[in-house]
There are 2 protein chains.
Amino acid sequence: MPDTQDLDPRKAAILEAIVSEYIGTAQPVGSQHVARTAGISVSSATVRAEMVALEREGFLVQPHTSAGRIPTDKGYRFFVDQLTEPGILGPAQRHKVAKFFEQVHGEMEDMLERTSGLLSELTSYASVVLPPSHESAPVRSVQLVGLAPRLALLVVVLADGAVEKRTIDLPDEIGDDVLAAAGARVQAMTAARPLGATDERTMTKDRVLDEVVGLALDAMKDLATAEDDRVIVGGSSRLAAAFDAVETVRSVLSTLEQQLVVVSLLRDVLERGLSVAIGTEHGYEPLASCAVVVAPLSVDGHEAGAVGLLGPTRMNYPQALAAARVVSARLGERLGGGTEAPPGRVDGRTAEDRVTKRRGAHGRS
Amino acid sequence: MPDTQDLDPRKAAILEAIVSEYIGTAQPVGSQHVARTAGISVSSATVRAEMVALEREGFLVQPHTSAGRIPTDKGYRFFVDQLTEPGILGPAQRHKVAKFFEQVHGEMEDMLERTSGLLSELTSYASVVLPPSHESAPVRSVQLVGLAPRLALLVVVLADGAVEKRTIDLPDEIGDDVLAAAGARVQAMTAARPLGATDERTMTKDRVLDEVVGLALDAMKDLATAEDDRVIVGGSSRLAAAFDAVETVRSVLSTLEQQLVVVSLLRDVLERGLSVAIGTEHGYEPLASCAVVVAPLSVDGHEAGAVGLLGPTRMNYPQALAAARVVSARLGERLGGGTEAPPGRVDGRTAEDRVTKRRGAHGRS
DNA sequence: TGCTGGCACTCGATTCTACCGAGTGCCAGC
DNA sequence: GCTGGCACTCGGTAGAATCGAGTGCCAGCA
């Protein structure tokens with residue numbers, strides 16, 4: 001891709017001016033506008049000549065003959081890669097973030113959901129949160145609870161505070177004591193190990209117990225493989241404001257409703273080491289008019305999940321990147337240091353935050 | 001409301017024709033169209049005269065002088081109350097429902113989410129599922145699991161298979177054995193009783209244990225009061241197709257994103273004993289161009305939660321009502337008879353359905 | 001050589017006009 | 001009391017005229 005990385009400085013400046021302007025106004029940008037832009041000190045005629053070149057090289061298009069230019073995906077890409085720094089948040093936004101992370105508390109799911117709301121509010125794009133996978137979190141506790149005569153619930157608590165459950169159909173009526181024993185056995189076999197790593201089974205004299213243990217282990221394996229296709233989408237209504245064609249809105253929203261698609265989109269982008277995917281760069285046609293900004297989430301030093309933003313290709317990349325990165329960093333801090341295993345990591349601030357309602361009750365008891 | 005209930009048969013027929021036509025076409029309906037409708041055997045001039053009357057009485061409006069009439073909320077209301085039966089689903093839809101409930105399985109959350117998708121697909125409106133409240137479900141198991149030195153997780157399993165959790169900050173490092181003991185104590189104090197009904201506390205000799213038990217009981221009370229403002233929204237992208245003004249779409253979607261608003265809207269409608277709320281009838285201005293259809297969910301004989309549909313006021317009420325009712329009935333059956341306490345209720349079919357993946361594993365073990 | 005001002009041209013958007021026709025209200029007559 | 005007839009309204013569409021932002025090209029200047 002030689003032409004992607006090399007553009008003489010003037011062309012680059014012109015491209016930058018066009019992209020910035022277009023992001024702001026959503027109107028095709030003409031040569032005069034560009035010529036008047038600070039930093040451009042040539043005439044509109046020269047700008048026009050350069051625009052022709054930029055168009056030939058695929059950075060710009062003209063919606064129709066007598067209109068200004070708008071950036072192509074390639075144009076945005078160059079803008080993002082070469083012309084802009086991630087940017088920083090405005091003071092008001094910084095304040096919002098700070099305040100948010102001071103106040104937020106509760107279970108992880110709630111927190112992720114609210115974080116998604118925050119991110120969307122900061123940027124006015126739709127936001128996406130890919131929860132940290134529980135793959136590597138060690139099992140902390142396993143329990144079998146009888147619900148009905150031939151129905152039990154397997155409840156697995158992971159060290160990161162996540163609780164997974166699965167109903168299990170029993171072959172026979174099983175007493176609560178046997179269930180408890182089976183739960184204990186399974187816990188012994190799997191504790192302190194990640195969900196996926198199931199021990200080979202050991203047999204006892206008790207056929208019924210063995211069977212229940214087997215069922216539970218199966219369910220645990222099932223838990224390990226399934227589940228991880230969940231994603232939290234927030235502020236999707238803001239996409240309606242970003243597009244003017246109602247049909248575009250509909251198709252984008254309907255794509256966003258398919259969790260699986262969103263998850264794989266994000267994973268794809270992350271895997272390719274990108275933080276931005278523009279228009280057709282990701283292969284999802286219904287989202288061809290969208291761009292995705294992703295920031296991986298790193299909890300206690302290892303990557304887990306991600307936060308992202310979905311907006312029109314003419315999104316404000318610097319701001320979106322800044323917001324995603326700041327929020328992901330703060331969220332990562334927040335999720336780590338306390339719920340994760342390493343002992344002694346419960347620092348004062350985090351624990352303090354997490355108290356809230358609890359605190360009052362605690363004082364009383 | 002004398003004029004709401006009394007309309008001479010001809011007026012009613014004309015109103016019905018207009019509403020039906022408008023629901024189908026979204027175009028103002030003229031007198032000629034009505035006169036040509038089967039069942040109307042008067043001239044267009046007569047229809048016009050009646051239309052004037054209907055407009056005076058508030059059932060119809062004219063977008064502008066030389067246009068046809070469109071129904072007002074009051075017009076729809078009369079249509080729903082007096083002119084139409086709930087209707088039945090078409091064979092294709094029946095088949096979809098049957099197939100869906102044959103296949104669906106898994107945890108309740110998944111099932112509700114998929115059901116919401118089904119309902120939306122059936123009607124092409126947005127669908128809403130208000131999960132059965134756990135208020136009355138008795139506690140089946142309580143457990144305290146240590147996550148970090150001064151952090152524990154309270155895990156409560158209810159008889160309906162729901163699992164609730166809460167992190168608890170501990171005043172001190174507490175050993176796993178004490179946590180387990182505290183969990184057991186709390187379980188003894190609360191088991192078989194609904195979440196809200198907390199026992200008065202009994203003291204032991206052990207101050208630390210008492211404190212942990214106190215914290216756990218507080219957390220349980222907290223669980224009982226909070227939480228119940230959750231709602232599952234599905235197919236909201238279909239609303240984009242229902243409205244043509246992108247601003248309407250945005251505002252409706254953004255209202256739908258506020259779980260709390262949706263919950264109280266549904267509760268309001270249910271409390272007033274309605275199954276349909278049209279336009280401004282419910283007091284939520286941003287949804288003034290929407291109608292809501294609700295069907296309460298009855299699980300094992302008692303009302304719990306609801307399913308609903310949200311569409312434009314010109315929605316197909318008979319079909320929407322039919323879909324909501326059928327789905328709510330089937331879902332109620334499915335949620336009951338097995339997960340709920342009464343022993344022996346695990347009938348063959350339900351248990352069979354629930355097996356799926358499990359079954360294979362079971363055979364193998 | 002490269003930039004610039006000038007110029008003819010394009011073409012979407014806007015405005016205006018005319019006009020059609022669906023729809024109305026009214027009324028005289030059956 | 002219903003109906004056909006009629007004059008009238010007025011939104012929507014089509015076509016023409018106009019505007020103007022924007023373009024590509026080119027000759028001339030530094």
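Hydrogens, waters and symmetry mates play no part in the numbers below; they use all other heavy atoms, side chains included. A note on names: the letters A, B, ... follow the listed sequences, proteins ahead of strands, and every chain is numbered from 1.
Counting all heavy atoms, side chain and backbone alike, A:Y284 lies closest to A:D268 at OH-OD2, 3.2 Å. Residues A:G58 and A:K74 approach most closely at O-CB, 3.5 Å, considering heavy atoms. Closest approach of B:L256 to B:V262, counting heavy atoms only: O-CG2, 3.7 Å.
On the nucleic acid side, DNA chain D contacts chain B at distances under 4.0 Å to non-hydrogen atoms, with the end points of that region at D:dC2 to D:dG11.
Between B:F59 and B:F78, the two ring planes are perpendicular [angle over 60°; tilted spans 30° to 60°].
Remark: the backbone N or O of B:H33 is paired with a side-chain donor or acceptor of B:T37 at under 3.5 angstrom. Under the 3.5 Å distance criterion, the side-chain polar atoms of B:E257 are left unmatched by any main-chain donor or acceptor of A:G234.
Remark: the B:S43 side chain and the B:T46 side chain contain an N/O donor-acceptor pair separated by less than 3.5 Å. Remark: the A:T123 side chain and the A:Q319 side chain contain no N/O donor-acceptor pair separated by less than 3.5 Å.
At the heavy-atom level, A:A45 lies under 4.0 Å from base atoms of the strands shown.
In this structure, A:T65 reaches the C:dC11 phosphate: one of its side-chain N or O atoms is under 4.0 Å from OP1 or OP2. In this model, the phosphate group of C:dC3 is not approached by any side-chain N or O of A:T46 to a distance below 4.0 Å at OP1 or OP2.
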**Study point:** Intra- and interstrand pairs of DNA chain C - dot-bracket, Watson-Crick/G-U under 3.5 Å, | marks other strand
**Key:** ||||||||||||||||||||||||||||||

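Each of A:P28 and B:S66 lies near DNA chain D, and the nucleotide nearest B:S66 is the one positioned closer to the 5' end. A residue-by-residue look at B:S43 and A:R69 shows that B:S43 has its nearest nucleotide of DNA chain D further toward the 5' end.
Atom-to-atom, CD of B:Q62 to P of C:dA22 comes out at 16 Å; the value is rounded to the nearest Å. At whole-Å resolution of the value, CD1 in A:I40 and P in C:dT4 are 12 Å apart.
Of all nucleotides listed (C:dT10, C:dG12, C:dT4), C:dG12 comes nearest to the side chain of A:H64.
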Identify every side-chain donor-acceptor pair in residues 13-25 of chain A under 3.5 Å, counting partners at least two apart or on other chains, and give the distances.
from, atom 1, to, atom 2, distance (Å)
A:S20, OG, A:E16, O, 2.8
A:T25, OG1, A:E21, O, 3.1
A:T25, OG1, A:Q27, N, 3.1

